[in-house]
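Ligands are counted one by one from 1 in listed order, and the atoms in each one are counted from 1 as well. Bear in mind the structure is a predicted one, so any value in this text is a computation, not a measurement. When a residue number appears, it is its place in the shown sequence, counting from 1.
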Amino acid sequence: MSHVDTEVRPSNFIRNIIDEDLESGKHTRVHTRFPPEPNGYLHIGHAKSICLNFGLAQDYKGLCNLRFDDTNPEKEDIDYVNSIQADVHWLGFQWDGEIRYSSNYFDQLHQYAVELINKGLAYVCFLNGEQTREYRGTLKEPGKNSPYRDTFVEENLELFEKMRKGEFKEGECALRAKIDMASPFMCMRDPVIYRIRFAHHHQTGDKWCIYPMYDFTHCISDALEDITHSLCTLEFQDNRRLYDWVLDNLDDFQAPNRTRQYEFSRLNLEYTLMSKRKLNDLVVRGLVSGWDDPRMPTIAGLRRRGYTPAAIREFCRRIGVTKQENMVEVSMLDACIREELNEHAPRAMAVINPVKVIIENYPEGQVEKLSAPAHPTIESMGERELVFGRELYIDADDFREEANKKYKRLIQGKEVRLRNAYVIKAERCDKDEAGNVTTIYCTYDDQTLGKNPADGRKVKGVIHWVEATSAVPAEFRLYDRLFNQPNPAAAETVDEVLNPKSLVVKHGLVEPGLVNAEAEKAYQFEREGYFCADSKDSSPEHLVFNLTVALRDSSN
Ligand code: ATP
Ligand code: MG
């Protein structure tokens with residue numbers, strides 16, 4: 001399943017840490033985890049984390065868990081749980097054993113909270129939200145101790161039990177770790193570790209009305225799963241203190257080689273929003289058709305757009321893993337898919353802005369079968385059948401009544417080669433009242449079929465075409481970036497940075513063989529771009545093709 005070539009894998013600081021840990025004997029194995037919160041679909045940023053965590057496990061012959069970090073039942077949904085599994089598989093990775101859920105550990109987490117209370121390290125606090133904020137202090141000023149901080153252990157145990165039984169209202173109180181209200185790290189100022197939520201949970205149903213907080217849950221889940229290297233993004237750097245504090249204070253986790261947290265910089269991509277909350281907004285407001293809209297940076301969107309797992313993995317390899325915050329150019333992602341499709345995608349012809357061509361010296365009512373390679377260099381991909389006849393369609397942009405030498409397409413009075421077929425000459429054309437060309441009348445030379453016609457005629461231009469009676473109507477969805485600003489996250493509202501032309505729909509024609517095009521599998525439509533049949537909306541009766549990526553980078 002792995003396509004990872006360790007030879008070409010660049011080293012990074014996390015690999016250096018692992019190498020040292022293995023060399024010193026601190027660890028004899030590598031065990032990572034990918035811990036998504038099931039509150040949205042995975043995006044290309046998650047792919048970076050997936051490739052890192054699963055990739056390390058593969059390369060070091062270790063293991064990687066998939067763990068749903070599901071401590072926030074109100075925002076979570078089983079649909080997300082399912083899509084995340086499908087996306088990880090699709091990217092080419094397999095987790096070790098069963099899927100894990102933080103909620104699997106709710107009983108144990110509860111016990112560990114009781115252990116902290118018993119040690120005088122946690123207390124039930126009745127300050128309301130506003131008071132809690134006020135007592136917390138600021139980055140410049142230390143906080144103040146909560147008046148509930150010195151409640152006796154026995155009373156705290158009782159109060160926590162009452163919380164568990166649902167005897168307090170939501171927000172009335174919370175369990176806080178007793179650490180240091182003057183700590184320079186805000187996360188250490190007596191953070192909440194359990195709160196009350198009367199919410200149904202997708203895994204545990206109505207068993208609990210208290211839910212553990214992320215910082216308390218994550219380190220314990222890692223430790224319970226014997227994770228060796230817990231990799232997360234830089235915004236959790238400060239929280240590492242809390243990660244260690246929780247484990248330091250629980251008897252079960254005193255092994256010197258227990259899990260450690262390491263942080264790397266998250267992926268930021270130009271012209272792209274990456275926060276699940278903001279992506280969810282786009283979906284809810286109907287600004288895109290769903291999480292899998294082909295313009296979305298989600299794995300599901302990229303898949304529907306025609307991206308391949310290999311191209312996404314290659315992108316993640318190229319961006320590397322560091323601690324530097326940076327913004328990656330979209331052209332890097334485009335280049336990965338373009339390189340792969342140029343090499344592997346079958347070729348086909350599609351006419352997006354059709355205009356009719358009549359070959360006047362071709363017998364009426366006759367059609368002939370021609371053959372063309374499915375790929376210019378990969379012979380094993382075989383041949384495809386084309387139909388040629390008296391009436392054809394070419395792209396309106398490929399004809400001019402007059403043009404200079406730079407225009408290497410069809411010009412009135414001149415010749416051009418039809419891709420995989422004959423040389424034709426434009427004789428005259430019809431136009432409508434607005435001056436648009438409606439029909440081009442041509443003649444063809446029947447001695448010019450094949451790659452090396454014997455006539456030795458010098459015809460520079462080659463254009464694509466389809467035959468009128470056999471071509472199949474198709475809808476083309478031409479996608480562009482969703483935002484017209486490199487950093488849409490900086491905008492006040494998404495509305496002001498939405499690209500109004502992120503989707504342009506055209507109706508044209510494709511060669512007959514494409515009726516059975518497999519969804520999400522991209523073709524190179526010659527001279528047009530890479531396209532794939534849409535997995536939701538395309539059918540043989542109504543073909544819909546998504547633009548995966550243009551043939552060339554036009555951004556610079
Ligand atoms: P978002 O901010 O998009 O909502 P998140 O961090 O809340 O993302 P999680 O489901 O908690 O999403 O993320 C699962 C894992 O993926 C975490 O370890 C997180 O650090 C990592 N991750 C999320 N976004 C990125 C990103 N842009 N680049 C790299 N890793 C990421
Ligand atoms: Mg998160």
Below 4.0 Å from ligand 1: does a non-hydrogen atom of Phe236 turn up there or not?
no
Between Ser230 and Arg33, do the side chains contain a donor N or O and an acceptor N or O under 3.5 Å apart?
yes
Taking distance alone, with no angle check, do Glu235 and ligand 1 share an N/O pair under 3.5 Å?
no
For ligand 1, which atoms sit closer than 4.0 Å to a heavy atom of Ser275?
3 (O)
Would you tell me whether His229 and Asp21 have side-chain atoms, one donor and one acceptor, within less than 3.5 Å of each other?
yes
Can you sort out which atoms of ligand 1 are near His43, meaning under 4.0 Å from one of its heavy atoms?
3 (O), 24 (N)
Over 60° means perpendicular and under 30° means parallel, so classify the ring planes of Phe476 and Phe531, tilted if in between.
perpendicular
Any side-chain donor paired with an acceptor under 3.5 Å for Asn72 and Tyr214?
no
Please report whether ligand 1 has a polar contact with Arg277, defined as an N or O pair separated by less than 3.5 Å (distance criterion only).
no
Is it true that the side chains of Tyr60 and Asp19 contain a donor and an acceptor less than 3.5 Å apart?
yes
Taking all atoms of both residues into account, what is the closest heavy-atom pair of Glu37 and Ile84, and its distance?
O-CD1, 4.2 Å
Is there a polar contact, in the sense of an N or O pair closer than 3.5 Å, between Gly45 and ligand 1?
yes
Would you say the side chain of Tyr523 lies within less than 4.5 Å of the side chain of Glu528, judging by non-hydrogen atoms?
no
Considering both backbone and side-chain atoms of Arg266, is one of its nitrogen or oxygen atoms within less than 3.5 Å of a nitrogen or oxygen in ligand 1?
yes
Quick one: does Ser265 get an N or O within less than 3.5 Å of an N or O on ligand 1?
no
Say whether Tyr243 and Asp222, considering side chains only, have a donor N or O and an acceptor N or O under 3.5 Å apart.
yes
Numbering as shown, the atoms of ligand 1 that approach Leu267 to under 4.0 Å (heavy-atom distance)
26 (C), 27 (N), 28 (N), 29 (C)
Option with minimal heavy-atom separation from atom 1 (P) of ligand 1, where the choices are Arg33, Glu263, Lys276
Lys276
Does Met274 reach ligand 1 with a nitrogen or oxygen that is under 3.5 Å from one of the ligand's nitrogen or oxygen atoms?
yes
Answer yes or no: does an N/O atom from Asn39 fall short of 3.5 Å to an N/O atom of ligand 1?
no
